[in-house]
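Note sheet for the following structure.
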Amino acid sequence: MRILVVGAGAVGGYFGGRLLEKGVDVTFLVREKRKQQLEKRGLVIRSVHGDAQLTPKLLVAGEEAAPFDVVIFSNKAYHLPEAIRDVKPYVGEGTLILPLLNGIAHMDLLWQEFGKENVLGGLCFIETTLAEDGTIIQSSPTHTVKFGEWSGEITQRVKRLDDLFSSCNARFELSEQIVTDMWHKYLFIAAMSGVTTLFRVPMGLVCSGEYGQEILLALLKEIGAIMRAHGAPIEDGIEEKQWAQMNSMPPQMKSSMQRDMEKGQMVEVDHLQGYLLQLAKQHQITTPLLKAVYHHLKLYERQRG
């Protein structure tokens with residue numbers, strides 16, 4: 001199977017690189033600047049799970065190539081419309097679409113553009129960043145992708161993917177409840193990115209002090225209430241479970257949104273916290289903490305210009 005990874009940044013470059021390292025036929029769809037960087041230095045991964053330096057196949061939008069069997073979207077949500085436009089010439093009738101974006105809002109656009117039957121559910125858990133020289137620096141014990149049919153069925157096509165992804169130096173899990181998994185990840189990342197950007201400190205410091213624990217759990221409960229009102233299939237008690245999980249994380253752990261903020265880059269506030277606030281308004285859920293997080297992030301956006 002031929003795989004096209006949209007982007008060769010911190011997420012796509014890492015997981016695509018691990019597949020390439022295994023010997024999978026992977027091509028990266030990149031911008032010209034990233035192409036030049038990769039041609040000069042190769043795809044360089046520095047990771048707690050082992051380093052790699054690879055020579056990837058590269059494609060720039062507009063160049064000719066036959067349709068791919070699988071397209072993995074690893075870009076930020078605010079680049080999705082552009083990424084869809086760039087990738088369409090490489091999508092055939094049977095091409096599977098696997099998104100690794102945070103949140104849920106992107107699914108409607110992908111279904112609209114590629115057909116619901118062609119789009120899998122997907123997510124990833126990883127702490128990784130792209131250094132100025134293009135090196136992918138991966139620092140978390142977890143480096144996991146989950147994927148599956150929206151229906152929960154274990155079809156032949158996801159079995160083939162599971163076989164393709166097996167035995168590489170990253171964890172790829174075939175899920176029978178990918179919709180629940182995606183909502184759970186959304187709850188986790190919206191809360192974690194919210195508190196780490198609001199206080200601009202790693203998780204260990206967020207959880208410390210007289211009110212840190214109380215604020216974190218209250219934010220998780222606000223988001224959980226929105227999701228339940230919307231009919232999302234999340235577990236009972238998931239907020240407390242994730243609260244405990246966040247307390248057990250390495251104290252230096254940061255969210256990717258916090259890292260983007262520290263670099264002065266764009267953030268996915270509208271796709272994550274903003275979409276939740278739309279649902280809250282629709283279902284008349286009170287969310288003072290989520291509003292504070294959103295307002296802070298929008299002020300940051302205004303200041304960066």
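Here the structure is a predicted model, which means the values were calculated and not measured. Count residues from 1 along the sequence.
The shortest distance between side-chain heavy atoms of Arg34 and Leu58 does not fall below 4.5 Å. The shortest distance between side-chain heavy atoms of Trp150 and Met182 falls below 4.5 Å. Counting heavy atoms from C-beta outward, Met203 and Asn247 have side chains that stay 4.5 Å or more apart. Side-chain contact between Val201 and Val206 is present, with at least one heavy-atom pair separated by less than 4.5 Å. In this structure, Glu222 and Pro288 have side chains that are in contact, with non-hydrogen atoms separated by less than 4.5 Å. In this structure, the side chains of His143 and Gln138 come closer than 4.5 Å at one or more pairs of heavy atoms. Side-chain contact between Ile72 and Ile3 is present, with heavy atoms from C-beta onward closer than 4.5 Å.
Here Glu173 pairs with Arg171 under the side-chain hydrogen bond (donor to acceptor under 3.5 Å, both in side chains) rule; sequence neighbours left out. Under the salt bridge (Lys or Arg N to Asp or Glu O under 4.0 Å) criterion, Asp133 pairs with Arg41, not counting sequence neighbours.
Heavy atoms of other residues, nucleotides or ligands lying less than 6.0 angstrom from NE2 of His295 number 12 at most. The environment of NZ in Lys263 is crowded: more than 12 heavy-atom neighbours from other residues, nucleotides or ligands sit within 6.0 Å. Surrounding CD of Gln284 are at most 12 heavy atoms belonging to other residues, nucleotides or ligands under 6.0 Å away. Within a 6.0 Å sphere centred on CD of Glu176, other residues, nucleotides and ligands contribute 12 heavy atoms or fewer. The environment of CD in Glu153 is sparse: at most 12 heavy-atom neighbours from other residues, nucleotides or ligands sit within 6.0 Å. Dense packing is recorded around CD of Glu32, with more than 12 heavy atoms of other residues, nucleotides or ligands lying under 6.0 Å away.
Here CZ of Phe73 is found 8.5 Å from CG of Leu101. Values are rounded to the nearest 0.5 Å. Here the straight-line distance linking atom CZ of Phe68 with atom OG1 of Thr27 works out to 4.0 Å at 0.5 Å rounding. To the nearest 0.5 Å, atoms CD1 (Ile45) and CD (Glu21) are separated by 6.5 Å. Rounded to the nearest 0.5 Å, atoms OG (Ser193) and CD (Gln258) are 10.0 Å apart. For the atom pair Asn118 CG and Leu98 CG, the distance stands at 13.0 Å (nearest 0.5 Å). Summarising the geometry, atom CD belonging to Gln282 is positioned 11.0 Å from atom CD1 belonging to Ile226; distances are rounded to the nearest 0.5 Å.
Met257 and Val11 are members of different hydrophobic clusters when ILVMFWY side chains are connected at heavy-atom separations under 4.5 Å. Placement of Leu110 and Leu100 in two distinct hydrophobic clusters is found when ILVMFWY residues are connected by side-chain heavy-atom separations under 4.5 Å, directly or transitively. At a threshold of 4.5 Å between side-chain heavy atoms, the hydrophobic network of Ile, Leu, Val, Met, Phe, Trp and Tyr places Leu19 and Leu59 in two separate groups.
A donor-acceptor pair is defined here as one N or O able to donate and one able to accept, closer than 3.5 Å; such a pair exists between the side chain of Lys185 and the backbone of Cys124. With hydrogens and angles ignored, the 3.5 Å screen pairs a side-chain donor or acceptor of Gln273 with a backbone N or O of Ala190. Of the possible polar contacts, one joining the Lys22 side chain to the Ser166 backbone as a donor-acceptor pair under 3.5 Å is found.
Closest non-hydrogen pair, Ile178 versus Gly122, comes out as CG1-N, 3.9 Å.
Using cut-offs of 30° and 60° for the angle between ring planes, the Phe147 and Phe165 rings count as perpendicular. The aromatic rings of Trp183 and His230 sit tilted, their planes meeting at an angle between 30° and 60°.
The one candidate from Ile238, Val179, Ile189 that meets the side chain to side chain contact (heavy atoms under 4.5 Å, CB included) condition with His184 is Ile238. Of the residues Val158, Val145, Asp163, Leu161, the one that meets the side chain to side chain contact (heavy atoms under 4.5 Å, CB included) test with Leu174 is Val158.
Using a 4.0 Å cut-off between charged side-chain N and carboxylate O, Arg259 and Glu262 make no salt bridge.
For the residue pair Thr129 / Lys254, no side-chain donor-acceptor distance below 3.5 Å is found, with atom types taken as modelled. Checking Glu268 against Ser256 by side-chain atom types alone, no donor-acceptor pair falls below 3.5 Å. Side chains of Glu127 and Ser140: no donor on one and acceptor on the other come within 3.5 Å.
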